[in-house]
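Computation of the quantities below employed the complete heavy-atom set of this structure, encompassing side-chain atoms and omitting hydrogens, waters and symmetry-equivalent molecules.
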Amino acid sequence: MSNELGSWSPLDADEVARLLGGAEVPWWIAGGWAIDLHLGRQTRPHEDIDVLVLRPHLPQLREQLSEWDLHVADPPGTLRPWPVSEELPSGVHDVWCRPTPGDDWCLQLMIDDLADDHRDEGGDEVSDERDWVYRRDLRIRRNWRTLSGPASIVQRAVLAPEVQLLYKSADPRAKDEDDFALTAGALDDSRRAWLIQALQLTDTTHPWIVQLRYAASWVRVKFRVCSDSRTPPSAGAPVPSSRSGSGWAKAVSTARGTRPRRFRWG
């Protein structure tokens, strides 16, 4: 992929694992690759690869990539070099990475924050107990250790699909809608319920809420039919999309409408 900021030749998930494996801090494959790894197959081309990192761990990650050319995307999106010694301001959430200035960009770090309300009796931070917070709505939070999804392995963690879909839910593009349609039916009950609750906080009229509720009943019916026929179900089968022209589109059409544009990630 090429744009005015330079060309992209993204790493794959295994290459990211080899690159960041020595950092000794948590990180997660995110974006579209998180969805595909959850589904167990590549469903579409990916123009980049996103890795979610936590702000307190940036010094270790910058040291791990000390010989690389890293640029910070200062809001509203101007790239500038990131020196090894610089502590990034809190408003920065995006870092582009490449081995040298002459190479294509190949990795994007997405920086998220932790809540500051977990301290021990002496007033020191208890890092293991701190919550990840969704930066678009600080009411949405969970312990950062629960960010890893079922596709995670020892070599590399993968962001939980419900968290990735939450990021994709803000002003979704066509590919985000496709990712959601493929993944909604592959979420277990607890992940689906968490995403519904999160969406209800951000936008009570979000069309994905209705689709997720439909997915729950659709999966139950599907499993019942498969159980009767003794045929195993396909976990990654897509939920009918509102763009498919099917009866499903009519069922959710009343939940759709014009929604304000919002910052998008993933």
Mind listing the side-chain donor-acceptor pairs of residues 72-85 below 3.5 Å, one per line with the distance, residues two or more places apart or on another chain?
{"unit_1": "Asp74", "atom_1": "OD1", "unit_2": "Arg80", "atom_2": "NE", "d": "3.4"}
{"unit_1": "Asp74", "atom_1": "OD2", "unit_2": "Arg80", "atom_2": "NE", "d": "2.4"}
{"unit_1": "Arg80", "atom_1": "NH1", "unit_2": "Glu86", "atom_2": "OE1", "d": "3.0"}
{"unit_1": "Arg80", "atom_1": "NH1", "unit_2": "Glu86", "atom_2": "OE2", "d": "3.4"}
{"unit_1": "Arg80", "atom_1": "NH2", "unit_2": "Glu86", "atom_2": "OE2", "d": "2.7"}
{"unit_1": "Trp82", "atom_1": "NE1", "unit_2": "Glu86", "atom_2": "O", "d": "3.0"}

- Side chain to side chain, Asp116 and Arg130, heavy atoms closer than 4.5 Å: yes
- Output for pair (Glu162 CD, Ser190 OG), nearest 0.5 Å, gives 7.0 Å
Validation: residues 194-201 side-chain donor-acceptor distances under 3.5 Å, sequence neighbours left out:
none

- Message: Let me confirm one number: the CZ-CD distance from Arg145 to Glu129, rounded to the nearest 0.5 Å.
- Response: 8.0 Å
- Message: I'd like to know if the side chain of His206 and the backbone of Ser169 have a donor-acceptor N/O pair within less than 3.5 Å.
- Response: yes
- What are the two closest non-hydrogen atoms of Leu182 and Leu39, and how far apart are they? O-CD2, 3.7 Å
- Linking I/L/V/M/F/W/Y whenever any side-chain heavy atoms sit under 4.5 Å apart, do Val25 and Leu19 land together? yes
- For Cys97, check side-chain contact (heavy atoms from CB on, under 4.5 Å) against everything at least two apart and list the hits. Leu65, Trp68, Leu70, Val95, Leu107, Leu109
- Under the salt bridge (charged side-chain N to carboxylate O under 4.0 Å, His left out) test, residues paired with Asp12 that sit two or more places apart: none
- Message: Check for me whether the distance between the ring centres of Trp33 and His46 falls short of 6.0 Å.
- Response: yes
- Task: Kindly indicate whether the side chain of Trp144, heavy atoms from C-beta on, has any atom under 4.5 Å from the side chain of Pro26.
- Result: yes
- Sorted by chain and residue number, the salt bridge (charged side-chain N to carboxylate O under 4.0 Å, His left out) partners of Asp104 (sequence neighbours excluded) come out as none
- Under 3.5 Å donor-acceptor, His93 side chain and Ile111 backbone: yes
- Message: Could you check whether any side-chain heavy atom of Phe180 comes within less than 4.5 Å of a side-chain heavy atom of Gln211, counting everything from C-beta outward?
- Response: yes
- Query: Looking at residues at least two apart in the chain, or sitting in another chain, which of them share a side-chain hydrogen bond (donor to acceptor under 3.5 Å, both in side chains) with Arg18?
  - Reply: none
- Please collect all side-chain hydrogen bond (donor to acceptor under 3.5 Å, both in side chains) contacts where either partner lies in residues 150-161, sequence neighbours excluded, each pair once. none
- Item | Gap between atom CG of Asp50 and atom CD of Gln108 - 0.5 Å precision | 5.0 Å
- Item | Residues forming a side-chain hydrogen bond (donor to acceptor under 3.5 Å, both in side chains) with Asp103, sequence neighbours excluded | Thr100
- List the steps and the verdict of side chain to side chain contact (heavy atoms under 4.5 Å, CB included) for Tyr134 and Thr202. CA-CA 10 Å; Tyr134 179 52; Thr202 62; 4.0 Å; yes
- Note on the structure: Looking only at heavy atoms, the pair that brings Asp179 and Gly32 closest together is OD2-CA, 4.3 Å
- Message: For the CZ atom of Arg44 and the NZ atom of Lys175, what is their distance to the nearest 0.5 Å?
- Response: 5.0 Å
- Do Trp28 and Val53 have side chains that get closer than 4.5 Å, going by heavy atoms? no
- Item | Audit row: Asp112, Val133, side chain to side chain contact (heavy atoms under 4.5 Å, CB included) steps and yes/no | CA-CA 7 Å; Asp112 269 7; Val133 291; over 6 Å; no
- Output yes when a side-chain donor or acceptor of Gln164 lies under 3.5 Å from a complementary backbone atom of Val158, and no otherwise. no
- Item | Results of salt bridge (charged side-chain N to carboxylate O under 4.0 Å, His left out) for Asp113 - residues two or more places apart only | Arg55
- Would you tell me whether Asp176 and Tyr167 have side-chain atoms, one donor and one acceptor, within less than 3.5 Å of each other? no
- Message: For a quick test of reading the model, state the closest non-hydrogen atom pair linking Ala215 to Ala184 and the distance between them.
- Response: CB-O, 4.0 Å
- Steps toward side chain to side chain contact (heavy atoms under 4.5 Å, CB included) verdict (Leu114, Asp131): CA-CA 5 Å; Leu114 295 177; Asp131 284 344; over 6 Å; no
- Message: Could you measure the distance from the CG atom of Leu165 to the NE2 atom of His38? Nearest 0.5 Å is fine.
- Response: 8.5 Å
- Note on the structure: Residue set satisfying ring pair (Phe, Tyr, Trp, His ring centres under 6.0 Å) with Trp27, at least two apart, ordered chain then number -> none
- Item | Which residues share a salt bridge (charged side-chain N to carboxylate O under 4.0 Å, His left out) with Asp188, sequence neighbours left out | Arg191
- Task: State whether Asp36 and Arg41 are salt-bridged, where the test is any N-O pair (Lys NZ or Arg NE/NH1/NH2 against Asp/Glu carboxylate O) under 4.0 Å.
- Result: no
- Report the distance from atom OG1 of Thr183 to atom CZ of Arg192, rounding to the nearest 0.5 Å. 11.5 Å
- Message: Within the 3.5 Å criterion, strictly below it, is a donor on Asn143 or Trp132 matched to an acceptor on the partner's side chain?
- Response: no
- Item | Sequence neighbours excluded, every pair satisfying salt bridge (charged side-chain N to carboxylate O under 4.0 Å, His left out) that has a member inside residues 88-99 | Asp69-Arg98
- Query: Any chance the side chains of Trp105 and Ser7 put a donor and an acceptor closer than 3.5 Å?
  - Reply: no
- Quick one: do Thr43 and Ile35 satisfy side chain to side chain contact (heavy atoms under 4.5 Å, CB included)? Show the steps, please. CA-CA 9 Å; Thr43 62; Ile35 298 299; 5.6 Å; no
